[in-house]
Structure formats: structure tokens, C-alpha cells
Protein chains: 2
Amino acid sequence: MKQPKQYSKVTMRDVAAAAGCSTMTVSRALQKDGRVSEKTRKRILKTVKELGYVPDMTAGSLSSMRSGFIALLLPSLNNQHLAEMVHALTDELAKADLQLLIGHTDYLSSKEERLIEMMMRRRPEALVICYDGHTEQAMKLLKSVSVPVIELWEDPDAPIQHTVGFSNFKAAYAMTEALIARGYQAIGFIGEACDDGTRAGARRKGFQAAMTDAGLDAGRVIQHDVMPISIEGAKQACEELLDSFPEIDCIFCVSDPAAFGALSLLQEREIAVPDAIGLCGFGNFEISRFTHPPISTVGVDATVVGRKAAELILRIRNEDNEGEAGDGGQQMSEHLRLKPELMFRRSLKPQP
Amino acid sequence: MKQPKQYSKVTMRDVAAAAGCSTMTVSRALQKDGRVSEKTRKRILKTVKELGYVPDMTAGSLSSMRSGFIALLLPSLNNQHLAEMVHALTDELAKADLQLLIGHTDYLSSKEERLIEMMMRRRPEALVICYDGHTEQAMKLLKSVSVPVIELWEDPDAPIQHTVGFSNFKAAYAMTEALIARGYQAIGFIGEACDDGTRAGARRKGFQAAMTDAGLDAGRVIQHDVMPISIEGAKQACEELLDSFPEIDCIFCVSDPAAFGALSLLQEREIAVPDAIGLCGFGNFEISRFTHPPISTVGVDATVVGRKAAELILRIRNEDNEGEAGDGGQQMSEHLRLKPELMFRRSLKPQP
DNA sequence: TTGTAAGCGTTATCAC
DNA sequence: GTGATAACGCTTACAA
């Protein structure tokens, strides 16, 4: 039989031959807990180096039924939060020799289904996904999938299985309450279009609920771009907002980049922040600390999300190993809730 | 034999049995160019759906000797440029059913070697890497690796193999010349520490060469953080720069986020930009268009880098398939050079 | 167009 | 502690 292309010249068999032992012994010598005599192991590791042997995990995975992959579905990579989270997740998982397979949906649920299938072909040991409104078909897929599913960045009403996140609704509600407590009444909101079932939508609804509950007008809302809103889009939205509701005394933005765009317009129009209008974002991105004035925001630690998700994955994985029998599959699920922090900076007037 | 865990219940064998054919026929029916009668294919696809069969690419890869992976080594994901590039790369590669394996080095060359090994275990069909000064050991590894290597974001003096990028030195040189042409003389530079052999270092050297060549003082340089410089770090660097060289009339920053940090300080000190001091970044990040004033910068299209890299990969891959014999391996290499664009905005005074 | 047989490179299992 | 053997689920090569 002729194969089209050689992966690599050296196989475990070659190492075994050179070291004068069987492939099983080589395999054991390279495992973490392989029971091999110290002498043999040394000899094998030396041979491995000499031959420049690099194990083939494709073969290993197939044989051991463990791919070593964790699939991660993101809306986008171009987002400081998500990038930080990926960073933390990668590093934590690497400690357990797990590797991320990353896919992005571009905030399009249509892409999600295709992506889930693609990922499942690699037989990941867990599926991590940013909550953002799945299609019915995708939900079905996710629920039918035979690996643990972990949703991030939200504390959903109807979780698929495990979750690590916080209630975007409650966080936005709390921030809105705080704005009101500072004396703002005619608060506007800059958000995204088509935000049903998404974190952005939850934030908008949190804002509106808090306004309504306080007896204030919850109607000063501009939903501009389809997700994600760009700085430019937010700038335009801000313009619309000011033109439609000249009485506005504060603007709450669905994200920090959106707030940055809004600030850009306010500066252009020479509207003083916070003296004429207060401003507030969501996410605590780095830039918000360095604008003039710095932008108030809702802070969540993306690194913590990533780390907690990794810990959860490892925990689940170990449990699975213990309950080896592969019995019915206990339908336990963990829900880690983070607490976002309201961060007040000079873009808002101080509490009276 | 008992395996510890079942990947998935349904295998190709099951599909074959249910469809009343051999696994080979199922395999063919699922391939792009599989020669199967339309009737059989339909029957098989129907069975696939009914059983919820998801092919196991681990097995497929092992058998076909094609992993379907492209390894990508990044310094960081938390960078708008790199995120955009990953985005484009992912999408283009997906068209050819290739998937990215992403690793990040945190700008630490020590991590690079470990990472290369990890990646090679998955038998990627190409290795894509952001140029940023490899250690000798890593260079050796990269040169010995039996897959095509593509370096991005630089046009290096001593490329490993293929490259897609531009000369950071020349780009910074050109921008510095332009600054001088605008009448700036006491130009300062905010860069990163330990930038030897990196793109940041090339930019700094380009700046210094242009200054020296113009008979100006190239010594007004502050190298602050180890890479990557943060907004905060740049802000501090700007402070040092102003304190050390009060005569400065313009500041060139190694990146746009650095320029953003510098601007933050200038605003805090109420130093007018560009009237008192000009400002310039590198990279054309989105934020630079929305500051006040907008920041001049050197623009490169990250999406193009990603797309060109993908095209290159596919081209190489096809060539490999044609020259099937696996003969000596023609040592061809392609070098795609992009042209950065100098983008002048209101942070610099106009050309006299 | 379809099927048969033989691996791909590793690890699980069980015997020694 | 070590080895022989049989998978893992798929595709290549070749035969029909």
C-alpha cells in the first residue's frame, strides 16, 4: 500500500526498534504515568531525541478514544474580552494537555450549526460556547451532542447544561438603577439591532426594566448595527439619539467600544461629559480607562471566565473517568455565577 | 477490547449496514469527488441523517495522512490586527475544509519551542507563524520541520521559507521621513523593551535610521514595557519622554494603542495635538479614527494578510499533490509583499 | 460503480 | 516491568 504523503519519517515503531523494546514500552515511557523502569525510560527518551521522534496524536487519539480537543465557539475574536478569555482558557487547558479548537460564528446563528458539526467531527471532549441566542436547530444539536456543553458569559433562563457567567439583564438593571440614583432621568440607550436572545438584548432589557420600574421613560433606545456594533455605528447611533431625544441627560451603551463611539460624537459636538450628558459603557475594556473623561462601565473579569471554564472542564472530565462504566450519565450541571462590578469613573457625575 | 469511553455511537460501519453497502461506498458518498451512483448516494445520505452519523476525522486523518489542520502561532490574540487576520484565515481555509490550530506565545520565545512541538504532534499541513524573533532553537526546529512554514507580518532578511508581510523597518522609515517633511525635527519614539529581532524593533530602527539619515537626533527613544506595550505603559513612556526631552515636537509610537496611551497623557497635561506636539501611531486600529484628534498611522490590511496567507497555503498544498512522487522537495518559496499606507490625520500638522 | 483487504500509528488489554 | 496482539474508524489500493 502506498500512502500519498508521509506525515513524518519517524514512528514509534522506529523508536522501539532503535531502543530495543516494543512500541508499548515506548508508549508507556512517553505517558505521564507510564509504568516503565527508570533505566528503560531514560534509554527511550534518549532514542526519541536522537531520532527526532514526534508522537502522532492523531493515532493516539483514535486509539485512546480521547481527542484532547475542547471545541470553543465564539461570536468573534475581535473583542478584547473574548481574546482575554481564550488566552486564559488556552493556558489552563494546556496544563492538562488539552487543546482548543476555535470557531467563530460572526454573530450569525446560521453559521453556528455548520460549525458545531465541523467541531463534532474532531470528537472534542467538551463544547464551550458563548451564549448568544441559538437557533432552534442549533439548540437541538447542542442538546443531542454527546459531550458536555458549557455556555459562557450569561446565566441563561434555559441553560443547555453547564454555565459560567452572569446575568447581563441584572447587571444592566443594576447599572441603570445606579444611574438613576445619581439623578439621571432622561437616560438613553445605544444598543444593537436584532438582539433577541443575545447578551446585548439582555442588557437592553435590563436597562428598560429598571427605567420602567423607576417610573421613567424606557423608550429612548437606538438599536443600530446588527451585532456587533462598531465604534462608528455607535457614533451614528449617538447622533440619532441626540437628535431624537434632545432632552437626554445620560447615555448607557451596550458595550465599551460603543461608549467610545458615543464619546467621540459628544466630543465632536463639544457636549461636555459628564456636565451636560453622562456616559456609561459595559465590559470594562482597557480603552475606557484612558479616554477623557474615563468611561464608567460594568466590569467582568474575562480571565476569570476563562479560568473557571477550564476548571469546570477538567472537573467534568475527571468525574467522567471515575464513573467509568459509562452508566446512564448523571445529568448534573454546574452553574458558576460571577458578579459584575459597577465601575464609576469621571464620565458620570458623582452620587449626590 | 474495551475502550474507556465511546466517542459516538454511530460509525460508518453502522451506516453501511443500514444502507446495505460497504463502508467504502459510504466513504465515497461523503467525499467531494466520490464516484458513487446518484441513487446510492441519496440512500446513504438519507441513512446518515436518520442515524445522526457524524464522521470521525481523527480516523479519517490517520488513514488519509492528511490532518486537515493548519497550525498558527501568534504572539497574542488580544490585538485587533491579529484577530482580524485569524478571522480571514479561518474563513478562507474553511473553504478547503482546513481548520486552524491556534497557539499563542505571549511574546515569549521560550514558549514558542514548546508550542511548535505541540502543534507538530497534530501533524498540521502547514505552519503559520508571526515573525517576531525566534530563538536559535526555534529556528532550528522550524527549519527541520517537514511542513511548509509561512512567516507573517514582516519581510525578513533571513526568512525560513514563505513570507507574507511588509518591511516594518521601511514602513517606519517612510513615516519618519514624512514627519520630517512636515517640519518636525525633535521627534521622539515610544517603543518596547527587548525588541531585538521583532517587528517592534524593526520599526524603532526604521525611525532611528530615518532620523540619522536626515541629520537629526535619533536618541529621543523610550522603550517601556516588554512586549506588547500597554496603553498604560505607553502613557508612562510618554511622560518619561516629555520629561527627558522637553523640546520634543512630535511623537511616533510603535503601535496605535501606544499612541492612544500617549494621547491620553497629552490630553491630561493639556498639551495641544497637533499644535504643540504631533502624534503618530502604527497599525491603523479602529480606535485611532475616533480619538480627538484622530491619530495618524501606518495602515496595513490585516484581512489581506490572512487571505493571502490562506491562498498561499492552498497553492502550496495543491503543488504538493501534483508532485505526488514525494521527490526531493523543490525548495521554492514565495514572498508576498504588502504595501503599508501612510495615513495622515489631524494628529499631525499638514504638509507645509 | 462497488467491494475486499490492508493498513494508518497509536494505545487497551491481558499474558508473562 | 514488558511484550504480543487486537483494535480505534476510516481511506488507499486494487480487484471485480
Side-chain angles (χ1 to χ4, degrees), chain A residues 1-17 19-44 48 51 53-68 97 120-123 125 321 324 326, chain B residues 1-17 19-44 48 51 53-68 97 120-123 125 321 324 326:
Chain A
M1 174 177 166
K2 216 184 282 175
Q3 295 290 347
K5 197 178 159 186
Q6 211 89 338
Y7 263 165
S8 146
K9 290 133 246 271
V10 191
T11 72
M12 193 178 265
R13 199 189 216 108
D14 299 324
V15 176
C21 63
S22 73
T23 60
M24 252 336 283
T25 308
V26 176
S27 177
R28 289 196 184 98
L30 294 174
Q31 315 253 320
K32 281 186 171 169
D33 55 347
R35 278 85 47 94
V36 192
S37 74
E38 212 37 57
K39 194 184 143 204
T40 318
R41 161 175 277 119
K42 263 191 186 159
R43 180 161 40 92
I44 290 175
V48 164
L51 300 187
Y53 170 66
V54 178
D56 185 336
M57 289 187 73
T58 308
S61 298
L62 181 62
S63 184
S64 67
M65 307 301 279
R66 312 170 122 266
S67 66
D97 278 316
M120 292 316 294
R121 292 182 182 215
R122 296 292 187 176
R123 300 295 189 264
E125 303 186 29
N321 282 356
E324 292 206 43
Chain B
M1 174 179 164
K2 214 184 285 174
Q3 295 290 348
K5 196 179 162 186
Q6 212 88 335
Y7 263 166
S8 146
K9 291 135 242 286
V10 192
T11 72
M12 193 177 265
R13 199 191 216 105
D14 300 324
V15 177
C21 64
S22 72
T23 60
M24 250 338 282
T25 307
V26 177
S27 176
R28 289 197 185 98
L30 295 174
Q31 315 255 319
K32 282 187 172 169
D33 55 348
R35 279 86 48 92
V36 192
S37 73
E38 212 38 56
K39 193 184 144 204
T40 318
R41 160 174 278 119
K42 264 190 186 160
R43 179 161 40 91
I44 291 176
V48 164
L51 300 186
Y53 170 66
V54 178
D56 185 337
M57 287 186 74
T58 308
S61 297
L62 182 61
S63 185
S64 67
M65 307 301 279
R66 313 171 122 266
S67 66
D97 278 315
M120 291 316 293
R121 291 182 182 214
R122 296 293 187 176
R123 301 295 189 264
E125 303 186 30
N321 282 357
E324 292 206 44

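Letters A, B, ... are given to chains in the order of the sequence lines, protein chains preceding strands, and every chain is numbered from 1. Values below: every heavy atom of this structure, side chains too, minus hydrogens, waters and symmetry copies. Everything numeric in this text was worked out from a predicted model, so none of it was measured.
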*Asks:* Quickly work out the A/Arg28 CZ to C/dG9 P distance and round it to whole Å.
*Replies:*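 Interatomic distance, CZ of A/Arg28 to P of C/dG9: 21 Å.
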
*Asks:* Of the nucleotides D/dG1, C/dG3, D/dT12, which one has an atom closest to the side chain of B/Cys21?
*Replies:*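 Given the options D/dG1, C/dG3, D/dT12, the side chain of B/Cys21 is closest to C/dG3.
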
*Asks:* Rounding to a whole Å, what distance do you find between A/Arg43:CZ and D/dG1:P?
*Replies:*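 Between P of D/dG1 and CZ of A/Arg43: 14 Å.
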
*Asks:* What's the CE-C1' distance between B/Met57 and C/dC8, to the nearest Å?
*Replies:*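 Distance check: B/Met57 CE to C/dC8 C1' gives 15 Å.
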
*Asks:* If each of B/Arg41 and A/Val26 is mapped to the nucleotide of DNA chain C with the nearest heavy atom, which maps nearer the 5' terminus, i.e. the 5' end?
*Replies:*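 Checking each residue's closest nucleotide, the 5'-ward one belongs to B/Arg41.
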
*Asks:* Tell me if a side-chain donor or acceptor on A/Thr23 pairs with a main-chain N or O of A/Met12 at a distance below 3.5 Å.
*Replies:*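 Judged by distance alone, no pair lies under 3.5 Å.
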
*Asks:* Would you indicate which nucleotide in D/dT11, D/dA13, D/dC10 comes nearest to any side-chain atom of B/Ser64?
*Replies:*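 Side chain of B/Ser64 sits closest to D/dT11.
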
*Asks:* A/Ser63 side chain to A/Ala59 main-chain N or O, any donor-acceptor pair under 3.5 Å?
*Replies:*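 Here the side-chain-to-backbone pair does not exist.
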
*Asks:* Determine yes or no for a side-chain-to-main-chain donor-acceptor pair under 3.5 angstrom, with B/Arg123 supplying the side chain and B/Met65 the backbone.
*Replies:*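 No, the answer is negative, given that no donor and acceptor are paired below the 3.5 Å cut-off.
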
*Asks:* For A/Leu30 and C/dA12, give me the distance from atom CG to atom P, rounded to whole Å.
*Replies:*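 Checked: the CG to P distance equals 13 Å.
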
*Asks:* For the residue pair B/Lys32 and B/Asp97, establish whether any side-chain heavy-atom pair is separated by less than 4.5 Å.
*Replies:*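 Result yes, sub-4.5 Å side-chain heavy-atom pair found.
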
*Asks:* Is there a side-chain polar atom (N or O) of A/Ser27 under 4.0 Å from OP1 or OP2 of C/dT11?
*Replies:*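 Result: yes.
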
*Asks:* For a quick test of reading the model: is some side-chain N or O of A/Thr40 closer than 4.0 Å to OP1 or OP2 of D/dG1?
*Replies:*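 Answer is no, no contact under 4.0 Å.
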
*Asks:* Just to be sure I understand the rule, does B/Ser22 reach a base, reach only the sugar-phosphate, or reach nothing, if contact means heavy atoms closer than 4.0 Å?
*Replies:*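 It contacts base atoms.
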
*Asks:* Just how far, in rounded Å, is C1' of D/dA7 from CG of B/Leu62?
*Replies:*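 Interatomic distance, CG of B/Leu62 to C1' of D/dA7: 12 Å.
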
*Asks:* Under 4.0 Å between a side-chain N/O of B/Thr25 and OP1 or OP2 of C/dG3, yes or no?
*Replies:*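 Yes, because at least one side-chain N or O of B/Thr25 sits under 4.0 Å from OP1 or OP2 of C/dG3.
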
